[in-house]
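Have a look at the structure below, then the notes.
As a basis for the values below, the full set of heavy atoms in this structure was taken, side chains included, without hydrogen atoms, waters or symmetry mates.
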Amino acid sequence: MSQVTCTYSGSAAVLTLCNEAKLNALTTEMLWQLEAHLADVERNSDVRAVVLTGSGTKAFCCGADIAEWGPLGPVEFARHWVRDGHRVFDRLARLSKPTIGALNGHAFGGGLELAACCDIRVMTPTATLALPEAKVGIVPGWSGTQRLTRLLPEPVIKEMALFGNRISADRAHSLGFAAEVTDEPLSWAQDIVSSLGSLSPRANELAKAMTHAAVGEDPGAAIEVLGSAAAAASADRAEGVQAFLDKRAPQFNGQ
């Protein structure tokens with residue numbers, strides 16, 4: 001049974017975490033499924049945006065399933081669990097299409113780190129944010145002290161990570177972390193996706209890459225994506241490829 005589903009609603013791919021009995025806690029299998037879905041939607045030209053949400057009404061995602069990582073030794077925990085999570089989360093953060101986190105409930109630990117990977121977020125009024133890792137003797141491991149610090153002020157991160165405080169949806173909205181607070185986050189997200197119909201998909205992709213380069217989200221790849229896009233559109237590139245196929249010297253004109 002799939003614990004992360006991918007459905008299509010208009011031009012949106014809706015990814016849903018389906019582990020409601022455990023408040024959508026992330027398991028290894030869920031990480032693999034999420035990664036596979038992201039690879040599929042990246043190459044699907046009919047998809048204009050991705051919406052990520054959770055099943056049920058209590059939690060978007062309460063973090064990583066302690067039953068999975070708790071028994072791991074320190075080397076395996078750091079080398080595999082943390083690194084694998086980073087790889088999957090990076091895949092979401094660096095998706096070329098716009099992404100929206102529809103937080104249907106609480107986002108704790110890895111769930112908050114997952115929400116931080118989305119371009120924008122919308123929350124229910126009762127949803128809260130937290131970094132509770134210190135309560136079980138660990139620290140944020142999936143970019144809670146890294147990517148999240150670009151989205152929330154340092155004192156707020158410390159308030160959660162050091163003192164165990166929760167942040168309300170209204171406060172998250174006032175801080176800019178949440179774009180909107182609404183009783184229907186999924187509907188709000190889908191409405192935003194529908195507005196993309198009047199916008200250029202290519203312009204969206206390039207604007208996202210440019211912004212990522214500015215804020216440090218994989219800047220090397222972002223810069224090379226932009227440079228490669230410009231080179232690929234040139235007459236020189238067309239001439240170079242054709243010359244290679246014709247087995248002749250290319251005649252470049254700088255266009």
Side-chain angles (χ1 to χ4, degrees), residues 4-18 24 26 30-55 60-61 85-105 107 110-124 127 129 142-144 146-148 150-152 172-173 176-182 184-197 199-219 221-222 225:
V4 180
T5 62
C6 181
T7 58
Y8 296 91
S9 177
S11 58
V14 181
L15 303 180
T16 305
L17 308 178
C18 300
N24 299 317
L26 292 167
M30 290 172 73
L31 291 175
W32 300 162
Q33 292 177 16
L34 178 59
E35 186 173 33
H37 287 314
L38 291 172
D40 288 341
V41 299
E42 179 68 89
R43 295 182 176 277
N44 188 335
S45 59
D46 293 329
V47 173
R48 288 298 309 274
V50 173
V51 178
L52 179 64
T53 192
S55 57
F60 165 71
C61 175
H86 264 275
R87 187 187 69 252
V88 178
F89 282 30
D90 287 349
R91 185 68 184 262
L92 172 61
R94 297 165 188 176
L95 203 70
S96 67
K97 305 171 190 291
T99 57
I100 304 169
L103 277 57
N104 54 298
L112 175 53
E113 293 166 318
L114 184 64
C117 295
C118 297
D119 294 319
I120 61 173
R121 290 149 293 277
V122 56
M123 299 174 64
T124 62
L129 311 177
W142 287 340
S143 76
Q146 305 300 310
R147 181 179 289 117
L148 194 60
R150 298 201 298 266
L151 304 174
L152 288 170
H173 181 247
F177 183 79
E180 189 62 81
V181 177
T182 173
E184 300 293 338
L186 186 57
S187 295
W188 187 93
Q190 291 172 323
D191 287 343
I192 288 293
V193 175
S194 66
S195 71
L196 293 174
L199 304 176
S200 162
R202 188 61 175 149
N204 279 166
E205 180 180 356
L206 294 175
K208 182 169 179 175
M210 292 163 66
T211 304
H212 278 187
V215 301
E217 180 67 66
D218 198 20
V225 164

**Item:** Test side-chain contact (heavy atoms from CB on, under 4.5 Å) applied to Ser187 - qualifying residues, sequence neighbours left out
**Value:** Glu184

**Request:** Not counting sequence neighbours, which residues clear side-chain contact (heavy atoms from CB on, under 4.5 Å) with Ala13? List them please.
**Result:** Cys6, Tyr8, Val41, Val47, Val50

**Prompt:** Less than 4.5 Å apart, any side-chain heavy atom of Leu103 and any of Thr124?
**Reply:** no

**Complete:** Those residues at least two apart in sequence (or on a different chain) that pass side chain to side chain donor-acceptor pair (under 3.5 Å) with Ser55 are Asn24

**Request:** Not counting sequence neighbours, list each pair that qualifies as a salt bridge (charged side-chain N to carboxylate O under 4.0 Å, His left out) and has a residue in residues 8-18.
**Result:** none

**Fill in**
Contacts of Arg147 meeting salt bridge (Lys or Arg N to Asp or Glu O under 4.0 Å) (sequence neighbours excluded), chain-then-number -> Asp90, Glu217

**Request:** Sequence neighbours left out, what passes side chain to side chain donor-acceptor pair (under 3.5 Å) with Ser9? Give chain and number order.
**Result:** Gln190

**Asked** In chain order, what residues pass the side-chain contact (heavy atoms from CB on, under 4.5 Å) check against Asp218, with sequence neighbours excluded?
**Response** Arg94, Ala221

**Item:** Partner set under side-chain contact (heavy atoms from CB on, under 4.5 Å) for Thr53, not counting sequence neighbours
**Value:** Val14, Thr16, Ala102, Asn104, Leu186

**Complete:** With sequence neighbours left out, the residues meeting side chain to side chain donor-acceptor pair (under 3.5 Å) with Asn204 are Arg48

**Asked** Looking at residues at least two apart in the chain, or sitting in another chain, which of them share a side chain to side chain donor-acceptor pair (under 3.5 Å) with Arg87?
**Response** Glu35, Asp84

**Request:** List for me each residue that meets salt bridge (Lys or Arg N to Asp or Glu O under 4.0 Å) alongside Arg202, sequence neighbours excluded, and say none if there are none.
**Result:** Glu205

**Request:** Apply salt bridge (Lys or Arg N to Asp or Glu O under 4.0 Å) to Lys208 and list each qualifying residue two or more places apart in sequence or on a separate chain.
**Result:** Asp119

